[in-house]
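Here the structure comes first, spelled out in structure tokens, and everything after it is commentary.
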Amino acid sequence: MKDIKAFAILMTVMLLGFISVGVTGFYTFKESLIEAKKQEIELLLNIARQQSAIYIEQYHLGLLSKAETDQKIIKFLSGMRYGASYLWANDNNAIARVHIRERVIGQIQKSYVRHMENLVHEDILYVVETNIKPSNNTRTWKINGVTEIPEWKWVIGMGIYLDDVDNTLFTYISKFLISIVISMVVIIMTFIYSIRRSRAKF
């Protein structure tokens, strides 16, 4: 009986330890995942700026007209998709020129002025706000990375939807919980087997 009580206490302590580690790991992993996504966004935004700068240089050399330069930039930016993330762009008149939702293109974007004011102090800024998620047309929290194409005064951005981050976390948490359950079952079965063997000797 004493062995059973001691084992029950040990299992309770272990379970509480697993839960504590799991909760701490959850928040740490979520922050790490978001930070990794931000770095991916920053890389893609830099690629977008560099390629746009190449087209703008061709414009200055007289190889492209202004309209041709705009179209090349728009075509390149429109092709930048990364999973559920997409690149959007607003021109110097605050008009949406690139967006995954066609009906947004050509509309005035009120966020343009705010973004340009903030980009005076930051090369790339991150904005947490709700957006309509194209895949399901629901308003979802999103972290947008925003920068500009300096000479053209275009604002470009790309973001991550936080529900996608939560879904990734849920997958890992499910695996973690399954591993805990399996470990606990193995420990309990081993204990029961040991008890039966010890009793059988007597």
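None of these values were measured; they are calculated from a predicted model.
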*Quick one: salt bridge (Lys or Arg N to Asp or Glu O under 4.0 Å) pairs with a partner in residues 43-60, sequence neighbours left out?*
Arg49-Asp123
*asked:* Give me each pair satisfying salt bridge (Lys or Arg N to Asp or Glu O under 4.0 Å) with a member in residues 145-163, each pair once, sequence neighbours excluded.
replied: Lys133-Asp163
*Minimum heavy-atom distance Tyr161-Pro134, with the two atoms named*: OH-CD, 3.3 Å
*Contact list for residues 81-91, test salt bridge (Lys or Arg N to Asp or Glu O under 4.0 Å), sequence neighbours left out*: Asp91-Arg97
_Worked check of side-chain contact (heavy atoms from CB on, under 4.5 Å) between Leu87 and Leu44_ = CA-CA 9 Å; Leu87 194 141; Leu44 293 172; 5.8 Å; no
_Donor-acceptor check, side chain of Glu122 to backbone of Asn118, threshold 3.5 angstrom: yes or no?_
no
_Distance-minimising heavy-atom pair for Val98 and Ser78_ = CG1-OG, 3.7 Å
*asked:* Centre-to-centre under 6.0 Å for Tyr55 and Trp152, is that the case here?
replied: no
*Test side-chain hydrogen bond (donor to acceptor under 3.5 Å, both in side chains) applied to Ser111 - qualifying residues, sequence neighbours left out*: none
*asked:* Please check: side-chain N/O of Ser85 versus main-chain N/O of Gly159, any donor-acceptor pairing under 3.5 Å?
replied: yes
*How would you list all residue pairs meeting salt bridge (Lys or Arg N to Asp or Glu O under 4.0 Å) that involve residues 59-70, not counting sequence neighbours?*
Lys66-Asp70
*Nonpolar side-chain network containing Ile105, other nodes, edges under 4.5 Å*: none
